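All values derive from a computational prediction rather than experimental measurement. Ligands are counted one by one from 1 in listed order, and the atoms in each one are counted from 1 as well.
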Amino acid sequence: MAMAMAMEQGPQQSVEQFKGQARLPKFAVPRRYDLSFKPDLSACTFTGAVQITIDVIDPTHFLVLNSAELAVRDGSVSFKSHYFDKELRPSEIVLVEGDEILVLKFDEVLPIGTGVLAIGFEGTLTDRMKGFYRSVYEHNGEKKNMAVTQFEPADARRCFPCWDEPACKATFKITLEVPSELVALSNMPVIDEKIDGSLKMLSFQESPIMSTYLVAIVIGLFDYVEGSTTDGIKVRVYCQVGKSNQGKFALDVAVKTLDVYKKYFNEPYPLPKLDMVAIPDFAAGAMENYGLVTYRESALLYDEHHSAAANKQRVATVVAHELAHQWFGNLVTMEWWTHLWLNEGFATWVSYLSADSLFPEWKIWTQFLDETTGGLRLDALAESHPIEVDINHANEIDEIFDAISYMKGASVIRMLQSYLGANVFQKSLALYIKRFAWSNAKTEDLWAALEEISGEPVNLIMNSWTKQKGYPVVSVKVSADSLEFEQSQFLSSGLTGDGQWMVPITICFGSYDAQKKFLLKTKIKKLDKLDFSDASDISHTLVEQGGQRKGGQSWIKVNIEQTGFYRVQYDDQLTAGLRYAIEAKQLSETDRFGILDDSFALCMACKQTTSSLISLMSAYREELSYTVVSQMISMSYKLANMIAEATPELLNETKLFLINLLQFSAEKLGWDPKEGESHLDAMLRGEILTALAELGHESTLHEAVRRFTAFLDDRNTPLLPPDIRRPAYIAVMQTVTATNKSGYDSLLRVYKETDLSQEKVRILGCLSSCPDAAVVLDVLNFILTPAVRSQDVVYGLGGISRKGRETAWIWLKENWEFISKTWGSGFLITRFVSSIVSPFSSDEKAKEIEAFFSTRIKPSISRTLKQSLERVGNNARWINYIKNDKELGEVVRELAYRKY
Ligand code: BES
Ligand code: ZN
């Protein structure tokens with residue numbers, strides 16, 4: 001290797017000037033990569049060579065590019081300018097580890113113009129599920145390695161030296177030398193194959209211009225199924241040998257989705273083929289590599305006999321999401337990670353569009369409210385961040401793949417679409433895609449396209465949503481001749497922030513035919529008689545609501561269909577009117593959801609009593625909407641946990657109330673699927689029975705155990721179809737104790753015997769719900785064993801029972817070193833922190849947790865830890881508030897024993 005020479009002085013002369021920078025200097029940029037790799041799958045190493053055609057834009061002595069964990073081969077680095085016919089060798093090669101950059105210094109100045117930089121290097125196939133890594137699978141009873149890449153956000157540099165930034169787009173020509181019996185895939189199709197004994201040399205067609213984070217390679221043994229779009233694009237789903245039937249559903253979705261997007265974006269899928277591959281070890285859910293999308297098995301494979309309706313929906317939405325990126329992200333790419341939400345928020349939103357057109361019966365736009373509520377939940381924390389967030393170092397990128405970029409991002413897009421209208425919106429997107437195809441864009445560029453087509457001040461409106469964190473709660477007050485709106489920043493701590501937004505307000509008066517909308521630009525706005533003069537039914541509703549007939553048979557709902565990203569707090573009269581509307585079944589699913597969820601959030605923030613929330617919930621007894629009931633169930637868990645801490649004497653009655661609340665729908669759905677029933681009913685049944693099992697409902701537990709016993713004898717028994725396995729597993733774990741573990745042992749046996757990832761994940765997600773802390777400890781220790789793939793460990797952390805909480809915390813502390821070593825380099829580590837820390841509910845605990853992490857904090861978990869601790873504080877505050885709720889006991893008791 002070239003010797004490091006003494007540092008020269010002067011700003012243009014020193015390697016130092018390149019350290020600690022967020023982004024690479026741009027005096028030279030890549031145009032084309034000619035890459036070749038030869039992996040050794042047994043030794044888990046690889047050798048590579050790259051020739052990068054670069055444009056020198058400013059004369060320079062330096063080339064600065066990214067590289068990490070790669071050994072540059074001695075004497076392998078050279079630069080050949082097209083200007084003069086000689087090869088230059090760097091006088092200095094410095095790998096700056098902390099910044100993951102490779103600085104090459106040349107004694108001669110590199111002139112403006114094109115040149116070729118050649119580098120030979122070596123690396124390791126790690127187990128860290130990023131860069132170029134190995135994944136393990138079994139074939140004919142034998143363990144084998146496959147080699148896989150995962151480069152987003154900034155790990156292409158772990159595979160080859162490159163300008164590893166989204167705006168440094170280039171073309172890629174890839175060559176692989178691999179064992180001849182294996183399948184090797186990359187972004188583009190193979191154009192040449194030479195077999196040389198046990199090895200083969202594969203050349204892939206050169207890619208169009210694209211970002212480094214989208215380059216991909218997969219090498220292993222696979223089967224596939226194949227289809228084709230109406231344009232003749234070949235689509236394949238690759239999976240482990242013997243599982244190709246399980247790829248058919250995703251294949252069908254992909255083929256149809258490509259056609260949907262072609263129409264929607266008014267732009268065909270631009271590559272000659274699309275491959276989708278199931279990878280047994282995969283950190284994220286899926287990755288949109290251009291032309292070669294990689295997935296967790298559970299997000300791609302669908303087994304007719306053992307996958308649940310929820311699994312099917314997950315496969316369809318993940319595929320739709322990743323294919324949306326082929327346009328939004330791959331063809332048009334964010335200029336920098338600050339605009340990550342343009343990728344993720346959009347792909348999330350667009351995936352609903354596709355799922356809705358393929359499966360209208362799923363009512364997927366109603367389910368979209370799970371995204372909105374997820375965004376609202378995180379964004380109510382003081383420790384949230386704006387959608388557009390500054391990124392100053394590569395290690396800060398991982399943490400912004402969060403509910404803000406995805407869920408809030410998708411929700412503000414939906415809000416804007418509904419404000420501008422679907423037609424205008426689609427036209428603007430098509431314009432944006434055309435304008436920035438094969439290039440990069442910023443958030444403002446999208447707003448400009450929307451502004452051009454719509455004529456609305458999109459930039460002004462949207463800046464208030466993407467450049468500041470948080471969102472408003474809009475309080476609404478009614479009088480006989482006016483409606484008053486006031487916005488203030490909503491925080492789940494109950495404090496009020498000082499943010500202000502441009503809020504698209506929509507109002508519905510007693511019927512979906514009487515609507516009004518306006519943009520709330522100021523803190524307060526009063527709509528009076530004059531504003532309503534055009535519609536007499538509106539003034540009529542107002543008089544009824546605000547006038548003499550208090551709580552009359554009329555209602556006013558704000559934020560129609562919940563398309564706005566904000567909360568609404570109604571005055572007492574409006575609240576009474578809405579309750580009437582719910583009971584009289586006059587509101588849509590989405591509006592019923594919104595009223596419930598806003599009320600829950602206000603309650604958590606101590607702005608509305610828990611007794612009033614419980615009383616509102618009782619109006620939802622006859623609710624049969626999957627999305628609304630699921631939301632009510634997740635609220636119920638939280639509520640029961642808080643009441644257990646605050647007023648334990650009310651816990652049993654609270655559970656009785658919640659069981660009572662679910663009886664109506666439980667009886668309607670029963671245990672057995674009905675002939676020809678809907679997808680949503682199948683999912684709802686699972687949710688309700690799970691909740692009843694968690695709440696300790698005796699006959700549910702009993703029936704579940706009976707069915708589980710039949711399942712143990714026959715995995716195909718009609719008594720336990722996939723949609724009701726989760727409730728059965730949860731029920732079984734409620735019966736397990738440290739001295740009688742047979743149910744647990746049986747579940748572990750099913751876990752070990754199945755080769756379906758979805759089944760393993762389903763089981764993992766139920767184990768720690770056991771109320772016996774000693775069993776929870778067993779479960780937590782189990783998830784750290786090799787029996788559980790490191791990608792799946794997070795499922796075992798979900799749903800830890802209240803009684804296992806303290807044990808889990810002690811376990812986390814005791815195992816922190818191992819956990820941090822094993823998962824610390826990826827984003828999965830954050831889940832250990834959030835799952836175990838956030839459910840606590842006392843300030844003392846928060847202090848203890850803070851103290852533990854004070855010496856162990858790293859950039860990759862710092863935001864998550866702060867958010868989790870904030871949640872603990874909020875829980876503590878809520879508990880105090882519940883303790884002071886004088887009406888709670890009476891309300892709970894009355895509803896617990898009410899006969900319907
Ligand atoms: N681009 C992401 C994958 C990713 C996530 C890369 C985090 C690096 C860090 C991909 O498009 C994605 O968003 N996947 C989701 C699934 C999707 C359906 C929401 C995921 O992995 O959870
Ligand atoms: Zn994505």
Side-chain angles (χ1 to χ4, degrees), residues 128-131 133 148-158 164 166 210-216 250 253-254 257 261 276-279 281-300 310-334 337 339-355 364 367-368 370-371 374-375 391 394-411 413 757 761 791-792 794-795 823 825-831 860 864:
R128 281 182 282 143
M129 297 186 282
K130 62 184 206 174
Y133 71 95
V148 188
T149 56
Q150 167 60 43
F151 291 165
E152 193 184 15
D155 295 315
R157 63 192 67 176
R158 287 178 168 66
D164 199 10
M210 60 191 264
S211 306
T212 46
Y213 79 89
L214 294 167
V215 173
V253 170
T257 298
Y261 291 157
M276 311 204 292
V277 198
I279 307 293
D281 301 279
F282 198 81
M287 175 65 211
E288 70 265 25
N289 313 301
Y290 223 172
L292 176 57
V293 183
T294 43
Y295 295 82
R296 271 184 186 235
E297 290 195 345
S298 60
L300 186 67
N311 297 131
K312 186 176 196 174
Q313 193 179 303
R314 169 83 180 152
V315 169
T317 48
V318 178
V319 170
H321 176 109
E322 304 312 332
L323 299 196
H325 278 312
Q326 306 301 306
W327 285 259
F328 241 99
N330 301 8
L331 183 59
V332 179
T333 311
M334 69 228 147
W337 298 104
H339 307 282
L340 173 74
W341 84 281
L342 275 183
N343 266 14
E344 298 305 347
F346 250 90
T348 301
W349 177 80
V350 175
S351 71
Y352 281 79
L353 207 81
S354 147
I364 205 80
Q367 297 192 52
F368 183 87
D370 293 340
E371 306 281 350
I391 297 290
N395 64 15
E396 295 169 13
I397 310 171
D398 257 349
E399 259 197 318
I400 58 167
F401 284 83
D402 64 359
I404 298 301
S405 302
Y406 281 77
M407 299 172 138
K408 182 180 184 184
S411 304
I413 289 160
S757 175
V761 165
Q791 63 165 10
D792 288 335
V794 291
Y795 298 106
W823 287 274
S825 68
F827 50 82
L828 293 176
I829 185 91
T830 59
R831 299 280 283 275
S860 59
T864 306

Do the side chain of [X] and the main chain of [Y] share a donor and acceptor less than 3.5 angstrom apart?
X      : Y      : answer
Asp398 : Ser860 : no
Gln791 : Phe282 : yes
Asn289 : Ala216 : no
Arg296 : Ser757 : no
Gln326 : Gly291 : yes
Ser405 : Ile400 : yes
Glu399 : Thr864 : yes

* **Atom of Ala250, atom of Val319 and distance for their closest heavy-atom approach** =>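 Distance-wise, the nearest heavy atoms are CB-CG2, 4.1 Å.
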
* Of all the heavy-atom pairs spanning Ala286 and Val318, show the shortest one and how long it is. =>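 Reported closest heavy-atom pair: CB-CG1, 3.5 Å.
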
* So Phe346 and Trp341, would you call those rings parallel, tilted or perpendicular, with 30° and 60° as cut-offs? ->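 If you compare the ring of Phe346 with that of Trp341, the planes turn out tilted.
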
* Is ligand 1 under 4.0 Å from a heavy atom in the side chain of Glu152, in the backbone, in both, or in neither? ->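 Both parts.
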
* Asked: Under 4.0 Å from ligand 1, counting heavy atoms only, is it the side chain of Ala286, its backbone, both or neither?
  ->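 The answer is the backbone.
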
Suppose I only count heavy atoms of [X] and a 4.0 Å limit; which atoms of ligand 1 are within that range?
X      : result
Val318 : 18 (C)
His325 : 11 (O)
Phe827 : 7 (C), 9 (C)

* Asked: Out of curiosity, is Arg296 lining ligand 1, as in a heavy atom under 4.0 Å away?
  ->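 No.
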
* Asked: Touching ligand 1 at all, Thr348? Heavy atoms, strictly under 4.0 Å?
  ->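 No; Thr348 lies far enough from ligand 1 that no heavy-atom distance drops under 4.0 Å.
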
Please write down residue, atom name and distance for the protein heavy atom closest to [atom].
atom                    : answer
atom 13 (O) of ligand 1 : Tyr406 OH, 2.6 Å
atom 7 (C) of ligand 1  : Phe401 CD2, 3.3 Å
atom 20 (C) of ligand 1 : Gly285 N, 3.3 Å

* **From the candidates Met287, Glu322, Glu288, the one that places a heavy atom nearest atom 15 (C) of ligand 1** =>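 The residue whose heavy atom sits nearest atom 15 (C) of ligand 1 is Glu322.
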
* Tally of protein N, O or S atoms, where distance to the Zn ion (ligand 2) is under 2.8 Å ->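 The number of such protein atoms is 3.
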
* Asked: Do you see a donor-acceptor pair shorter than 3.5 Å between the side chains of Glu322 and Tyr295?
  ->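 The answer is no; no qualifying pair exists.
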
* To do: May I ask you to check whether Trp337 and Tyr213 place their ring centers less than 6.0 Å from one another?
  =>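 Yes - the distance between ring centres of Trp337 and Tyr213 falls below the 6.0 Å cut-off.
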
* To do: Report yes if Gln150 has an N/O atom closer than 3.5 Å to an N/O atom of ligand 1; otherwise report no.
  =>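 Between Gln150 and ligand 1, no N or O pair is found under 3.5 Å apart.
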
* Using distance alone, determine whether Thr317 and ligand 1 share an N or O pair under 3.5 Å. =>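 So ligand 1 has no N or O lying under 3.5 Å from an N or O of Thr317.
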
